[in-house]
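Right, one structure below, let's go through it.
Whatever order the structure lists them in is the order used to number ligands and atoms, beginning at 1.
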Amino acid sequence: MMHASHSPHLPEDWRENAYDLARGLAAYSGSRLVAGIGRVIAKHPEAKIANAFNHKQVGCKMWARDTLFATIGASCRRVVVLGGWYGILPAMMLEDPRFDIEIAVSCDIDPAVEPVAQTLNAAFGDRFVAMTADMHALDYRALNADLLINTSCEHITDLRSWLDLLPPGTRVLLQSNDYFSEPTHISCVNSLEEFQAQARLAHVQFAGTLPMKKYRRFMLIGAV
Ligand SMILES: C[S@@+](CC[C@H](N)C(=O)[O-])C[C@H]1O[C@@H](n2cnc3c(N)ncnc32)[C@H](O)[C@@H]1O
């Protein structure tokens with residue numbers, strides 16, 4: 001573990017260093033997402049971007065993106081991510097050349113994350129939209145998405161009640177976990193089987209578990 005408590009000016013130093021590093025990594029890798037992380041560090045110092053983009057979060061989202069491609073291929077053009085936080089998964093999908101995404105929407109109930117998600121995804125122009133809304137209050141028919149993603153199922157009170165709002169046949173990718181000790185995780189499950197029972201999807205194309213150090217993440221891909 002790294003310790004840097006010797007520096008009296010750590011927060012400012014950290015931000016400048018992180019900004020320089022993100023810009024360097026973006027130049028080296030050519031990643032528009034990483035360039036977006038740099039812009040977020042500069043423009044939204046209050047955003048917890050290091051938490052949202054830590055290796056565990058990135059690992060779970062790469063698992064989602066890669067399994068999605070292996071399961072349904074490139075056949076999703078209009079994607080809506082619910083509980084989308086800073087819009088990292090849409091950015092990962094928008095910059096992945098295997099997909100052909102026309103529009104990716106990131107919806108979150110927290111108004112503070114919308115401008116951050118917009119900054120992160122600025123390079124994707126009008127292919128990305130951030131919106132502030134409760135996922136329970138959306139008109140899913142009007143959204144006309146061909147894929148709904150919710151990797152925040154552990155954050156919503158009653159997963160099945162939310163799924164009941166979607167038009168039958170809607171294709172979904174869902175993630176939850178057994179990380180009960182985090183206070184904002186109000187709906188964790190103990191196993192993949194419990195997650196499947198909670199979701200009661202009409203069709204399941206993929207069901208799997210990703211073991212992490214402190215918890216397990218569960219994922220379902222299918223249709224309601
Ligand atoms: C901590 S984040 C994301 C955690 C998740 N493991 C991930 O990275 O996908 C959970 C997000 O869900 C959002 N959220 C919770 N309830 C919501 C609701 N009813 N509608 C929309 N967003 C919601 C929160 O505001 C928060 O930004």
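Pairs engaging residues 153-181 under the salt bridge (Lys or Arg N to Asp or Glu O under 4.0 Å) rule: Arg160-Asp164, Asp178-Arg216 [sequence neighbours left out]. Evaluation of the salt bridge (Lys or Arg N to Asp or Glu O under 4.0 Å) test over residues 65-94, restricted to residues two or more places apart or in two chains, returns Arg65-Asp96, Asp66-Arg98, Arg77-Asp100, Arg77-Glu102, Arg78-Glu102.
If you look at ligand 1, the protein residues with a non-hydrogen atom under 4.0 Å away are Gln57, Lys61, Gly83, Trp85, Asp108, Ile109, Asp110, Ala133, Asp134, Met135, His136, Thr151, Ser152, Glu154, His155, Arg217.
The main-chain N or O of His155 is never found under 3.5 Å from a side-chain atom of Ser152 such that the two would form a donor-acceptor pair. Judged by distance alone, with hydrogens and angles left aside, the side-chain atoms of Thr151 form no donor-acceptor pair with the main-chain N or O of Gln175 at under 3.5 Å.
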Atom pairs and distances, donor-acceptor, side-chain atoms in residues 193-210, under 3.5 Å, two or more places apart:
from, atom 1, to, atom 2, distance (Å)
Glu194, OE1, Asn190, N, 3.1
Glu194, OE1, Asn190, ND2, 3.2

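Transitive grouping of hydrophobic side chains (ILVMFWY, heavy atoms separated by less than 4.5 Å) keeps Ile103 and Phe99 in distinct clusters.
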